[in-house]
Amino acid sequence: MSRKYDVLIIGAGIAGLYAAMQIPKKKSVLVVCKDIPWECNTFYAQGGMVTALNEADIPIHIKDTMVAGAYHNNKNAVEILSRTSLETTADIIERGMEFDKDQEGNILYTKEAAHSIERIVHAGGDATGRYMHYFMMVQNRHQLQKNTLVYDLLIENGRCYGVKATVNYEPTTIYASDVIIASGGIGSLYAYNTNSRTVSADIHGICVEKGIALADMEFMQFHPTVFIDTPYARKLLLTEALRGEGAHIVDDECRRFLFDYDKRGELASRDIVSRGIFDYKRKTGKQAYLDFSMFDEEWFEQRFPNITHTFAAIGYHFPKDKAPISPAFHYANGGISCNTYGAIPGIEGLYVIGEAACTGVHGANRLASNSLLEGVVFAKRAVEHILGKTSKEIKTPVFEKDYGNILHKENDKNYKQKLRQIMWDEIGIIRTTKGLLSAKNLIYDMKNKEIGRLLELRLNTASAIVDAALARTESLGSHYIEDE
Ligand code: SIN
C-alpha cells in the first residue's frame with residue numbers, strides 16, 4: 001500500500017504539531033506518531049517554556065544559554081532562538097493558549113537553574129507540556145495518524161521521497177515531497193530516563209545507516225532531580241521549577257551539599273548539579289533528597305498540582321515529605337545535523353526539528369526550558385523554508401528493499417535491556433575512556449547477533465554516542481571524562 005503527501009511530519013510532539021499548524025490547509029499534510037499522540041516528551045514536560053521577555057532580555061537570554069552550553073553553542077542559532085521567541089510566544093497566546101496568570105491577569109514567569117531572571121511561562125502549574133500539547137492537537141487542521149512506526153527513509157541520489165513504516169502493524173510506503181523529522185531524542189536507550197517510552201532513536205539510527213551526520217552526540221543531558229524508584233522505564237521528573245521557586249537539595253543530615261560543587265548550589269546549570277549529586281552519593285554513600293519543607297501546603301498544591309497528586313498516589317505527601325532523588329537521562333543536546341532552517345545538508349526534501357535536531361543551539365548543555373521554545377522556533381523556520389521553495393515535478397523511484405518483516409527478533413528484548421544498562425553505566429554522567437571502550441565493544445558484539453531492525457537502529461545511535469564521547473577526550477558541559 002502507498003500514499004503521497006506534500007509534507008510528511010514524523011512525530012506529534014510540540015515541534016511536529018507546531019510545524020503542522022504553520023502549513024496551509026490546502027496542502028496535503030500527514031502527521032504520524034508511533035503510538036498514541038500523547039506518548040511524546042512534550043506531554044511530560046513540566047517546568048515551562050522560555051521566552052525572551054522583551055528586546056532588552058534577548059542578549060541576557062542568549063548569554064544564559066551560551067554559559068549553560070559551555071560556549072559550545074552555535075551563536076547564530078541561539079540568537080535566532082531568542083529573537084524569534086518574541087513572535088512565537090505572541091503567536092501561541094494569540095491563538096488561545098492559556099499560560100498561568102496572577103489574579104490581575106498578568107502572565108506569571110518562573111525561573112529555573114542557570115537563568116538570570118524569571119522568563120519561563122508555564123501552564124497548569126507544573127503541566128506545561130501537557131497543556132501545550134493538548135492546545136496544539138486541537139489547533140492542528142491536518143491528518144494525524146497514530147500507530148505509525150517509521151523504519152526506513154526513502155533516499156536516492158541526494159533526495160528524500162518518503163518513508164517506509166508499519167501502520168497498525170502493516171508495512172506501508174508513504175511518499176512526500178518534503179519530510180520533517182520531529183521524532184524526539186534517544187531516551188529509551190538509557191536504563192534511567194524521564195522520556196516517553198516511544199523515544200527510542202530509530203530515526204537517528206536510520207540516519208547513521210544512510211550516512212547522514214549526527215552532531216554533538218557526546219552531550220547527553222541528565223536531569224538532576226528524578227524519582228527513580230518505580231518499575232516503569234520512564235522515571236518521575238521533579239521539575240527544576242521547584243528549585244527555581246526555592247526547594248533545596250539535601251543529604252540525610254539535611255545538609256545542602258551542592259555548595260561543595262558550585263557557589264550557585266541548587267541553581268547551577270543542570271550538568272553541574274547532576275554531576276554533584278552523582279558524585280556525592282557515590283563518595284559518601286548518602287542519599288540525596290529534594291526538600292520542599294519551606295513551602296506552604298496550599299500554595300504548593302496549587303503551584304505543583306501534577307507532582308502533588310502523582311506522588312500522593314505512591315505515598316508521598318508534599319511539601320511535608322522529602323523526595324529521594326537521582327539524576328536520570330533527560331534530553332539529547334546533540335542530534336541529526338541540520339542548518340537553522342532544519343534542512344539536512346545534502347538531502348533535498350528532508351528536515352529535522354525539535355529534540356531530534358542538532359542546530360548547535362544547546363551547545364554542550366541545554367539551558368532549562370529552552371526545549372519547548374526550540375520546538376516552536378525551528379518548526380516555524382522549517383515550514384517557512386518548505387513553503388518558500390518553487391515546486392517542481394518529482395519523479396519518484398521505486399524502493400524495493402523492505403524490512404517490514406524483520407523489525408523484531410526473538411532475543412531483542414534481552415539485548416535492549418543490556419544496552420540500556422551499558423549506556424547508563426558507561427556512557428552516563430561520569431565517563432572513563434576504559435568504560436567507553438568497553439561499551440563500544442559490547443555494542444559492536446550485539447550488532448553482530450541475530451537481531452531485528454529496530455534494535456539495529458538503536459545500536460547505530462548508541463555507537464554514534466560512544467564514538468562521539470571517545471573522540472572528545474576532554475570534559476565539556478554534560479560530557480564529563482574522569483580518567484585516572
Ligand atoms: C523541568 O521541568 O525541570 C524540565 C524542563 C526542561 O527539561 O527544560
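Order of appearance sets the numbers: ligands from 1, and atoms from 1 within every ligand. As a basis for the values below, the full set of heavy atoms in this structure was taken, side chains included, without hydrogen atoms, waters or symmetry mates. Remember, predicted model here, so these are calculated numbers, not experimental data.
Between V250 and F257, every side-chain heavy-atom pair lies at or beyond the 4.5 Å cut-off.
Heavy atoms of S369 approach ligand 1 to within less than 4.0 angstrom. Residue A45 places every heavy atom at 4.0 Å or more from ligand 1.
The shortest N or O to N or O distance between Q46 and ligand 1 is not below 3.5 Å. Among the atoms of G47, some N or O lies under 3.5 angstrom from an N or O of ligand 1.
Checked by atom type and distance alone, the side chain of D483 pairs as donor or acceptor with a backbone atom of T433 at under 3.5 Å.
With respect to D57 and R119, a salt bridge is recorded, a charged nitrogen being found less than 4.0 Å from a carboxylate O.
Listed by number with element, the atoms of ligand 1 under 4.0 Å from a non-hydrogen atom of H223 are 1 (C), 3 (O), 4 (C). Within ligand 1, the atoms closer than 4.0 Å to a non-hydrogen atom of A368 are 8 (O), numbered from 1 in the order shown. Under a 4.0 Å criterion applied to the non-hydrogen atoms of E240, ligand 1 contributes the atoms 1 (C), 2 (O), 3 (O).
In terms of protein heavy-atom proximity, atom 1 (C) of ligand 1 is closest to T239 OG1, 3.3 Å. The single protein non-hydrogen atom nearest to atom 7 (O) of ligand 1 is H330 NE2, 2.6 Å, given as residue, atom name and distance.
Between F329 and Y190, the ring planes lie parallel to each other; the angle is under 30°, not in the 30° to 60° tilted range. Ring pair H115/H61 is parallel by interplanar angle, where below 30° counts as parallel and above 60° as perpendicular.
When the options R243, R270, Q221 are ranked by their closest heavy atom to atom 4 (C) of ligand 1, first place goes to R270.
Every side-chain hydrogen bond (donor to acceptor under 3.5 Å, both in side chains) that E98 has, sequence neighbours left out, goes to K101.
The ring of H72 has its center closer than 6.0 angstrom to the ring center of F219.
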